[in-house]
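Heads up: the structure comes next, in structure tokens.
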Amino acid sequence: MGIIAWILLGLLAGIIAKMLMPGKDPGGIIVTTLIGIAGGLLGGWLGKVIFDVDSIDGFFDLSTWVAAVVGALILLAAYRLLARRR
């Protein structure tokens with residue numbers, strides 16, 4: 001996937017992660033996008049390491065979206081914990 005696709009996927013995965021984890025978040029749309037992009041990468045890496053599957057196949061593949069959203073959820077939860085401690 002190209003960089004534009006990763007940014008779009010990250011933005012949407014971050015928004016979906018925020019919808020799945022209700023509550024007040026310390027970040028705005030920029031933080032959501034960065035968490036989503038990093039979450040997509042994290043989800044793909046975890047899928048490869050833990051389940052030995054290639055979870056980042058293409059933009060419209062379900063495994064890509066699941067990996068991105070799960071990774072974004074993990075990072076969003078970690079970001080909330082770190083931001084709350086400050």
Side-chain angles (χ1 to χ4, degrees):
M1 290 192 311
I3 190 72
I4 302 297
W6 273 110
I7 292 171
L8 180 61
L9 177 68
L11 173 67
L12 296 174
I15 291 170
I16 292 170
K18 269 195 170 184
M19 289 176 12
L20 291 174
M21 289 183 71
K24 188 170 181 174
D25 287 323
I29 191 74
I30 301 296
V31 174
T32 300
T33 304
L34 294 176
I35 287 174
I37 292 169
L41 295 172
L42 175 67
W45 180 75
L46 287 175
K48 180 68 175 164
V49 170
I50 294 173
F51 300 112
D52 197 30
V53 295
D54 190 16
S55 58
I56 307 296
D57 290 329
F59 188 79
F60 293 107
D61 193 8
L62 181 62
S63 64
T64 302
W65 285 91
V66 170
V69 171
V70 168
L73 284 169
I74 291 169
L75 290 181
L76 183 60
Y79 180 70
R80 283 183 180 182
L81 287 174
L82 290 175
R84 191 177 313 154
R85 291 183 185 187
R86 288 186 203 182

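Values below: every heavy atom of this structure, side chains too, minus hydrogens, waters and symmetry copies.
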According to the salt bridge (Lys or Arg N to Asp or Glu O under 4.0 Å) rule, which pairs have a member within [range], sequence neighbours left out?
range	value
residues 27-47	none
residues 9-22	Lys18-Asp25
residues 32-47	none

Going by the rule side chain to side chain contact (heavy atoms under 4.5 Å, CB included), which residues pair with Leu34 if we only count those two or more places apart in sequence or in a different chain?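 Counting only residues at least two positions away or on another chain, Leu34 forms a side chain to side chain contact (heavy atoms under 4.5 Å, CB included) with Ile30.
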Got a sec, which residues hit side chain to side chain contact (heavy atoms under 4.5 Å, CB included) with Leu73, two or more places apart in sequence or on another chain?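 If we apply the side chain to side chain contact (heavy atoms under 4.5 Å, CB included) test to Leu73, skipping adjacent residues, the hits are Ala17, Leu20, Met21, Val69.
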To the nearest 0.5 Å, what is the distance between CG on Leu42 and CD1 on Ile37?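 One finds 13.5 Å between CG of Leu42 and CD1 of Ile37.
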Check residues 8-16 and write down every donor-acceptor pair under 3.5 Å in which the side-chain atom is one partner and the other belongs to a residue at least two apart or another chain.
none

Listing request: all side-chain hydrogen bond (donor to acceptor under 3.5 Å, both in side chains) pairs with a residue in residues 67-76, at least two apart in sequence or in separate chains.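 Listed once each, the pairs would be none.
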